[in-house]
Amino acid sequence: MTATVTAVSRDEGHHFSKPVRDRIRLLAGLGVEGDAHLGVTVQHRSRVAQDPTQPNLRQVHLIHGELHDELRTSGFEVAPGELGENVTTRGIDLLGLPVGTRLRLGDQAVVEVTGLRNPCLQIDGFRQGLLKQVVGRDEHGAVVRKGGIMGVVLHGGEVRPGDPIAVELPDGPPRPLERV
């Protein structure tokens, strides 16, 4: 199966869900044009409160559409954009990628993976009990986060549903994703 973009979303305001669009434009070093999280420095409210000068390692949020399928089998109907992602994918194990992986989205855009999204209690405000579905523990007791990955825009361009995704792994030993 070829990895593809299945949906794109953005929202000018700081809302939990983002409306699905027919296209988004990624801007190098900034994020998604017209999105509340656009910027060189952190834009997430909780992080701005801690230190507004931190670099924005969360410019683009990607979720694998397979998570929506998994949630559906657990009784949760979740559509693209509803968990706040900018890009919904299919056919790629986003959570298994190492830090520094470059994702080519469509013809021009390149996003470098920075880490895991850390879902918070707001997700239960969206659908009660959903947090337990996207954050859990493995058989060894380690925390498992399934709420997608975050990245920074290295090269801008338009991204649309149906665009192919090419994966370029970083040189050197792989560094596992951690929350950012």
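Index from 1, following the sequence.
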* Stepwise, does the side chain to side chain contact (heavy atoms under 4.5 Å, CB included) test hold for Arg137 with Val143? -> CA-CA 5 Å; Arg137 297 205 176 263; Val143 175; 3.2 Å; yes
* Leu83 and Leu71: CA distance, side-chain angles, deciding distance, side chain to side chain contact (heavy atoms under 4.5 Å, CB included) verdict -> CA-CA 12 Å; Leu83 296 180; Leu71 293 174; 4.3 Å; yes
* Asked: Between His64 and Ile92, is a side chain to side chain contact (heavy atoms under 4.5 Å, CB included) present by the stated rule, with each step listed?
  -> CA-CA 7 Å; His64 49 298; Ile92 181 172; 5.6 Å; no
* **Chi angles and distances behind the side chain to side chain contact (heavy atoms under 4.5 Å, CB included) call for Gln108, His155** => CA-CA 7 Å; Gln108 298 177 328; His155 193 275; 4.2 Å; yes
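The distance from atom CG of Leu103 to atom CD1 of Ile149, rounded to the nearest 0.5 Å, is 5.5 Å. In this structure, OG1 on Thr6 lies 11.0 Å from CG on Asp163, to the nearest 0.5 angstrom. Ile123 CD1 to Phe76 CZ: the interatomic distance, rounded to the nearest 0.5 Å, is 9.5 Å. The line from CD1 of Ile63 to NE2 of His68 is 5.0 Å long, rounded to the nearest 0.5 Å. With rounding to the nearest 0.5 angstrom, the CZ atom of Arg10 is 11.0 Å from the CZ atom of Arg23. Atom CG of Leu97 and atom CD of Glu112 lie 12.0 Å apart (nearest 0.5 Å).
Asp69 has a carboxylate O that lies under 4.0 Å from a charged side-chain N of Arg90, or vice versa, which qualifies the two as a salt bridge. Ion pairing of Glu70 with Lys146 is present here, as a side-chain N (NZ or NE/NH1/NH2) and a carboxylate O approach within less than 4.0 Å. Using a cutoff of 4.0 Å between basic side-chain nitrogens and carboxylate oxygens, Glu12 and Arg21 are scored as salt-bridged.
Looking only at distances, a side-chain donor or acceptor of Asn56 sits under 3.5 Å from a matching main-chain atom of Gly39. Checked by atom type and distance alone, the side chain of Gln54 never pairs as donor or acceptor with a backbone atom of Val42 at under 3.5 Å. Between the side chain of Asp124 and the backbone N or O of Leu131 there is at least one donor-acceptor pair closer than 3.5 Å. For the pair Gln133 (side chain) and Ser74 (backbone), a donor-acceptor distance under 3.5 Å is absent. Judged by distance alone, the side chain of Thr114 and the main-chain N or O of Met150 form a donor-acceptor pair under 3.5 Å. Distance alone, capped at 3.5 Å, places no donor-acceptor pair between the Glu33 side chain and the Gly31 backbone. Remark: the backbone N or O of Glu77 is paired with a side-chain donor or acceptor of Arg127 at under 3.5 angstrom.
Both Ile165 and Leu26 sit in one connected hydrophobic cluster of ILVMFWY residues. Membership requires side-chain heavy atoms under 4.5 Å apart, directly or through other members. Grouping the Ile, Leu, Val, Met, Phe, Trp and Tyr side chains by contacts below 4.5 angstrom, directly or via other members, places Val8 apart from Leu27. Cluster membership check: Val110 does not share its hydrophobic cluster with Val167, using side-chain heavy-atom separations under 4.5 Å among Ile, Leu, Val, Met, Phe, Trp and Tyr. Val152 and Leu62 fall into different hydrophobic clusters, where Ile, Leu, Val, Met, Phe, Trp and Tyr side chains are chained together by heavy-atom contacts under 4.5 Å. By the rule that hydrophobic residues join a cluster once side-chain heavy atoms approach within less than 4.5 Å of another member, Val32 and Leu30 end up as members of separate clusters.
Side-chain N/O atoms of His37 and Asp35 include a donor and acceptor closer than 3.5 Å.
Annotation for Thr88 and Gly81: closest pair OG1-N, 4.2 Å, computed over non-hydrogen atoms. Here the shortest heavy-atom pairing between Gly91 and Ala3 reads O-CB, 3.8 Å. Closest approach of Leu67 to Gly147, counting heavy atoms only: CD2-CA, 4.4 Å. Ser9 approaches Glu85 most closely through the heavy-atom pair CB-O, 3.3 Å.
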Under 3.5 Å donor-acceptor pairs involving side-chain atoms of residues 169-180, not counting sequence neighbours:
none

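Using a 4.5 Å cut-off on side-chain heavy atoms (C-beta onward), Val87 and Ile24 make contact.
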